[in-house]
Amino acid sequence: MNFKELLAVSKVFIIKPRYILPTYLATIETIRICDDLYKKEHHKNGKENAFRHALWNYLICQKCFKISRSVEAARVWSDHFTGLHEKLSPNKKLAKAMDLHNNRFGQALFKGNDVPTEEIILLFQEKMKVAIKVSKVEEIEITKDKLVYIDD
């Protein structure tokens with residue numbers, strides 16, 4: 001992370017310092033789960049990556065909800081933080097749009113319930129089975145209720 005990126009992330013956490021630990025824990029948990037389930041595949045642009053982004057955002061919402069007690073506040077935070085991640089990452093336009101879509105997909109499924117992580121994993125694995133392969137940003141824009149991916 002360069003200085004500009006570090007400064008941008010620092011500003012975000014200054015606004016919501018109580019979200020630092022839950023966001024970090026959600027990130028670590030997501031990476032561990034994805035490494036265990038999909039090895040390096042979740043770092044590509046396939047269904048496994050879609051799973052990772054949706055799970056990551058769901059877990060951020062879940063953990064931040066415990067502090068905010070507001071589903072909307074948790075979703076807004078997750079969208080803001082993970083959107084910043086995408087802004088700072090070197091992804092191409094299609095990959096960035098895919099990640100943002102899958103982030104919001106995970107956020108939308110969070111309802112404030114304390115669902116066990118194992119159930120969430122199974123839910124997103126089911127969603128992977130009906131994920132849509134895309135080749136243009138416009139295809140992502142019209143896809144509302146499914147995960148999207150680029151590569152098989």
Side-chain angles (χ1 to χ4, degrees), residues 1 4-38 41-91 93-132 134 137 140-150:
M1 194 179 279
K4 183 179 173 185
E5 293 168 342
L6 187 59
L7 185 61
V9 170
S10 297
K11 285 180 184 178
V12 169
F13 281 126
I14 287 171
I15 295 167
K16 298 283 187 184
R18 294 180 340 145
Y19 288 167
I20 294 172
L21 184 59
T23 301
Y24 173 77
L25 293 173
T27 302
I28 295 302
E29 184 176 1
T30 300
I31 296 300
R32 181 192 54 75
I33 290 166
C34 291
D35 283 348
D36 288 349
L37 292 173
Y38 304 116
E41 291 301 305
H42 70 95
H43 293 290
K44 299 178 182 177
N45 287 320
K47 291 179 182 181
E48 299 83 2
N49 180 275
F51 172 93
R52 184 184 83 217
H53 279 268
L55 178 65
W56 183 36
N57 279 265
Y58 187 97
L59 292 177
I60 289 173
C61 288
Q62 187 179 56
K63 291 180 185 324
C64 290
F65 175 76
K66 291 176 182 174
I67 292 168
S68 70
R69 306 310 296 164
S70 165
V71 171
E72 186 59 23
R75 286 181 184 162
V76 167
W77 168 257
S78 179
D79 193 57
H80 185 67
F81 180 77
T82 60
L84 177 62
H85 168 77
E86 292 307 321
K87 183 179 177 183
L88 297 175
S89 70
N91 277 346
K93 187 176 180 179
L94 181 59
K96 192 171 289 205
M98 174 192 69
D99 290 347
L100 288 169
H101 171 87
N102 293 325
N103 289 350
R104 291 186 181 120
F105 182 87
Q107 295 160 11
L109 288 181
F110 180 72
K111 304 293 184 216
N113 304 342
D114 197 16
V115 179
T117 303
E118 296 77 23
E119 287 183 36
I120 299 308
I121 291 168
L122 292 174
L123 172 68
F124 286 127
Q125 286 176 323
E126 286 299 312
K127 300 294 184 183
M128 287 172 70
K129 294 176 184 176
V130 294
I132 297 175
V134 296
V137 172
I140 296 171
E141 291 170 354
I142 61 171
T143 304
K144 299 292 180 206
D145 61 344
K146 292 196 174 20
L147 292 170
V148 297
Y149 67 101
I150 300 170

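Both backbone and side-chain heavy atoms feed into the values below; hydrogens, waters and symmetry mates do not. If you read the sequence from its start, that first residue is 1, and numbering goes on from there.
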Not counting sequence neighbours, which residues clear salt bridge (Lys or Arg N to Asp or Glu O under 4.0 Å) with Arg104? List them please. Asp79
With sequence neighbours left out, what residues match Glu141 under salt bridge (Lys or Arg N to Asp or Glu O under 4.0 Å)? none
Looking only at non-hydrogen atoms, find the nearest pair between [X] and [Y] and report the distance.
{"X": "Arg75", "Y": "Ala108", "value": "NH2-O, 3.4 Å"}
{"X": "Phe124", "Y": "Ala54", "value": "CE2-CB, 3.6 Å"}
{"X": "Thr117", "Y": "Ile33", "value": "CG2-CD1, 3.7 Å"}
{"X": "Cys61", "Y": "Ala74", "value": "O-CB, 3.4 Å"}
{"X": "Cys64", "Y": "Trp77", "value": "SG-CD1, 3.6 Å"}

Does a side-chain heavy-atom distance below 4.5 Å link Leu109 with Asn57? no
Start with the C-alpha gap between Ile140 and Met98, add the side-chain angles, then the distance that decides, and say whether side chain to side chain contact (heavy atoms under 4.5 Å, CB included) holds. CA-CA 7 Å; Ile140 296 171; Met98 174 192 69; 4.1 Å; yes
Using modelled atom types and a 3.5 Å cut-off, is there a donor and acceptor pairing between side-chain atoms of [X] and backbone atoms of [Y]?
{"X": "Ser89", "Y": "Glu86", "answer": "yes"}
{"X": "His101", "Y": "Lys146", "answer": "yes"}
{"X": "Thr30", "Y": "Ala26", "answer": "yes"}
{"X": "Asn49", "Y": "His42", "answer": "yes"}

Do the two ring centres, one from His85 and one from Trp56, sit under 6.0 Å apart?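 Ring centroids of His85 and Trp56 are less than 6.0 Å from each other.
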Give a yes or no on whether Lys11 atom NZ has more than 12 heavy-atom contacts from other residues, nucleotides or ligands under 6.0 Å away. no
Straight-line distance of [X] [atom1] to [Y] [atom2], nearest 0.5 Å:
{"X": "Thr82", "Y": "Asp99", "atom1": "OG1", "atom2": "CG", "result": "9.5 Å"}
{"X": "Leu25", "Y": "Ile60", "atom1": "CG", "atom2": "CD1", "result": "11.0 Å"}
{"X": "Leu55", "Y": "Leu123", "atom1": "CG", "atom2": "CG", "result": "10.0 Å"}
{"X": "Leu147", "Y": "Met128", "atom1": "CG", "atom2": "CE", "result": "8.0 Å"}
{"X": "Ile150", "Y": "Ile132", "atom1": "CD1", "atom2": "CD1", "result": "13.5 Å"}
{"X": "Lys96", "Y": "Lys93", "atom1": "NZ", "atom2": "NZ", "result": "11.0 Å"}

Which pairs with one or both residues in residues 59-72 pass side-chain hydrogen bond (donor to acceptor under 3.5 Å, both in side chains), sequence neighbours excluded? Glu29-Lys63
Could you check Phe105, Phe65, Phe51, Phe110 and say which one makes a ring-ring contact (aromatic ring centres under 6.0 Å, His included) with Tyr58?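 So the option named by the test is Phe110.
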Sorted by first residue and then second, give each salt bridge (Lys or Arg N to Asp or Glu O under 4.0 Å) pair with at least one member in residues 13-22; sequence neighbours left out. none
Give every residue pair that meets the salt bridge (Lys or Arg N to Asp or Glu O under 4.0 Å) criterion with at least one member in residues 45-61, sequence neighbours excluded. none
Full working for side chain to side chain contact (heavy atoms under 4.5 Å, CB included) between Asn45 and Leu94: CA-CA 10 Å; Asn45 287 320; Leu94 181 59; over 6 Å; no
Residues which pass side chain to side chain contact (heavy atoms under 4.5 Å, CB included) with Asp145, listed by chain and number, not counting sequence neighbours: none
Please name the residue in the list Thr23, Val76, Asn103 that meets the side chain to side chain contact (heavy atoms under 4.5 Å, CB included) test with Phe81.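 That would be Thr23; it is the only one of Thr23, Val76, Asn103 passing the side chain to side chain contact (heavy atoms under 4.5 Å, CB included) with Phe81.
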